[in-house]
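The structure under discussion appears below in the form of C-alpha cells.
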Amino acid sequence: MGCTVLASYKLISLDKIPSTQDYAHELIVSGRATDHTAILAAAQSAGRGRYRRSWVSHHGNLYISFIFDCPERDPRLSYSVAVAIAETIASFGIHPTIKWPNDILIDDRKVAGTLIEYSGRFVIVGIGINVNSNPTVDRYKTTKLDNYSEIPMNELLNRLMRNIDKWRRADFRAVRARWTELAGCLNRMVKYQGEPAELIGINENGALVLRRDTRYLLVYGDEIIA
C-alpha cells in the first residue's frame with residue numbers, strides 16, 4: 001500500500017483489493033476517513049456498479065473511489081461527476097458522450113461508469129474507466145481509451161482529480177449546460193414507473209425532466225430505466 005498527496009488529494013494506492021468502494025466505507029466506519037481521500041486499486045476482485053452489478057476490474061484500467069465531505073445528499077453531484085469524467089477524456093482529443101445517469105460512452109460504447117454512495121457525513125464517488133482493456137458485457141457494448149489515444153495512467157488520474165474539483169465547485173447552471181451539451185440521451189424514451197416517457201433534460205435542482213404525452217414530470221434517478 002502506498003499513500004501520497006496528489007492534486008490536493010490524499011491518495012491511497014493499492015494492488016488488488018475486493019472493492020475501492022468497500023475500502024472507502026471501511027475508512028469512514030472506522031473514523032479514518034477525511035475529505036479528499038482517494039482510494040486507487042490496480043485491480044478489483046469484487047468491483048461493483050449501480051444495483052450491485054459486477055464491474056469487471058482487470059489490471060490496466062482506472063479504479064478509484066473519492067471520499068468527500070457531504071452532510072446532505074445532493075442529486076446534482078452525479079451530473080458534476082459525469083461532466084468531470086467526460087471533460088477529462090475529451091482533454092486527450094477523444095469525443096465522449098454522457099448516457100443517463102452518468103455513464104460515459106465513446107461511439108455508443110461504454111468506457112466509464114460511476115457509483116455514488118453516501119455514508120455518514122461523507123459521499124463516496126467510485127469511478128471506473130476502461131483504459132487498456134474492456135470487458136465483454138451482455139447488457140451493452142464497451143470500449144477502451146487505448147483504442148483512441150495512448151494515455152498515461154498518471155496523467156489521466158491527475159486530470160480527473162482536477163476536473164472533479166473544478167466541476168464540483170462550479171455553479172450548477174454551468175454543470176447543467178455542459179451536461180446537456182455532452183448528453184447523448186436527450187429526447188430518447190426511458191421507462192418511469194413501468195411506463196415510457198421522453199427524457200427532456202435536467203432542472204436546476206438535478207431532477208430529470210420527462211414528458212409523457214402532454215404532461216411534464218420531475219423525477220430522480222433511481223426511478224428511471226434507460
Point-to-point distance, once rounded to the nearest 0.5 Å, from CG of L62 to CG of L160: 6.5 Å

N163 (side chain) donor-acceptor with R159 (main chain) under 3.5 angstrom: yes

Flag for S80-R168: side-chain donor and acceptor within less than 3.5 Å: no

Residue pair Y118 / R73, side-chain donor-acceptor N/O under 3.5 Å: no

Side-chain heavy-atom pair W167, V81 within 4.5 angstrom cut-off: no

Within-4.5 Å side-chain heavy-atom neighbours: I67 and T34: no

side-chain contact (heavy atoms from CB on, under 4.5 Å) assessment of K141 paired with T136: CA-CA 7 Å; K141 295 179 180 179; T136 299; over 6 Å; no

Between Y9 and D165, a side-chain donor and acceptor under 3.5 Å: yes

Side-chain heavy-atom pair L115, V125 within 4.5 angstrom cut-off: no

Whether E198 side chain and R211 backbone form a donor-acceptor pair below 3.5 Å: no

Non-hydrogen side-chain atoms of K10 and T37 separated by less than 4.5 Å: yes

Backbone of N205 reached by a side-chain donor or acceptor of N203 within 3.5 Å: yes

Validation row: L157, I64 side chains within 4.5 angstrom (heavy atoms): yes

Pair I116-L77, side-chain contact (heavy atoms from CB on, under 4.5 Å): steps then yes or no: CA-CA 9 Å; I116 296 176; L77 176 61; 4.2 Å; yes

Y148-F92 aromatic ring centre distance below 6.0 Å: no

same_hphob_cluster(L199, V209) at 4.5 Å side-chain heavy-atom cutoff: no

Identified side-chain contact (heavy atoms from CB on, under 4.5 Å) partner of Y79 from the options V175, T180, D74: V175

Main-chain N/O of E204 paired with R173 side-chain donor or acceptor, under 3.5 Å: no

Side-chain touch E117/V123, heavy atoms, less than 4.5 angstrom: no

Reported CG-to-CG distance for the pair L11 and L14, which is rounded to 0.5 angstrom: 9.0 Å

T142 side chain to P135 backbone, donor-acceptor under 3.5 Å: yes

Between CD on residue Q193 and CZ on residue R212, distance to nearest 0.5 Å: 6.5 Å

Contact summary for I104 and P96, nearest pair of heavy atoms: CG2-CB, 3.7 Å

Salt bridge present between D213 and R215 (N-O < 4.0 angstrom): no

Side-chain touch L208/I200, heavy atoms, less than 4.5 angstrom: no

Close side-chain approach of I39 and Y63, heavy atoms under 4.5 Å: no

Backbone of N132 reached by a side-chain donor or acceptor of D146 within 3.5 Å: no

Side-chain H-bond candidate by donor/acceptor type, S91 with T88, under 3.5 Å: no

Interatomic distance, E26 atom CD to I17 atom CD1 [nearest 0.5 angstrom]: 8.5 Å

Full working for side-chain contact (heavy atoms from CB on, under 4.5 Å) between M153 and V131: CA-CA 8 Å; M153 191 74 75; V131 181; 4.1 Å; yes

Polar side-chain atom of N134 near backbone of N130 as donor-acceptor pair, under 3.5 Å: no

Donor-acceptor contact present, side-chain Q44 to main-chain T20, <3.5 Å: yes

Check against side-chain contact (heavy atoms from CB on, under 4.5 Å), L145 and L156: CA-CA 10 Å; L145 297 183; L156 176 66; 4.2 Å; yes

Atom pair CG/CD1 of L218 and I202 - distance to nearest 0.5 Å: 12.0 Å

With H36, the ring-ring contact (aromatic ring centres under 6.0 Å, His included) member among F68, F66, F122: F68

S65 OG to Q21 CD distance, which is reported to the nearest 0.5 Å: 3.5 Å

Intermediate values then yes/no, salt bridge (charged side-chain N to carboxylate O under 4.0 Å, His left out), E195 and K191: CA-CA 5 Å; E195 298 293 331; K191 281 192 175 182; over 6 Å; no

same_hphob_cluster(L105, I89) at 4.5 Å side-chain heavy-atom cutoff: no

D35 side chain vs D69 backbone, donor-acceptor pair below 3.5 Å: yes

Backbone of S133 reached by a side-chain donor or acceptor of N61 within 3.5 Å: yes

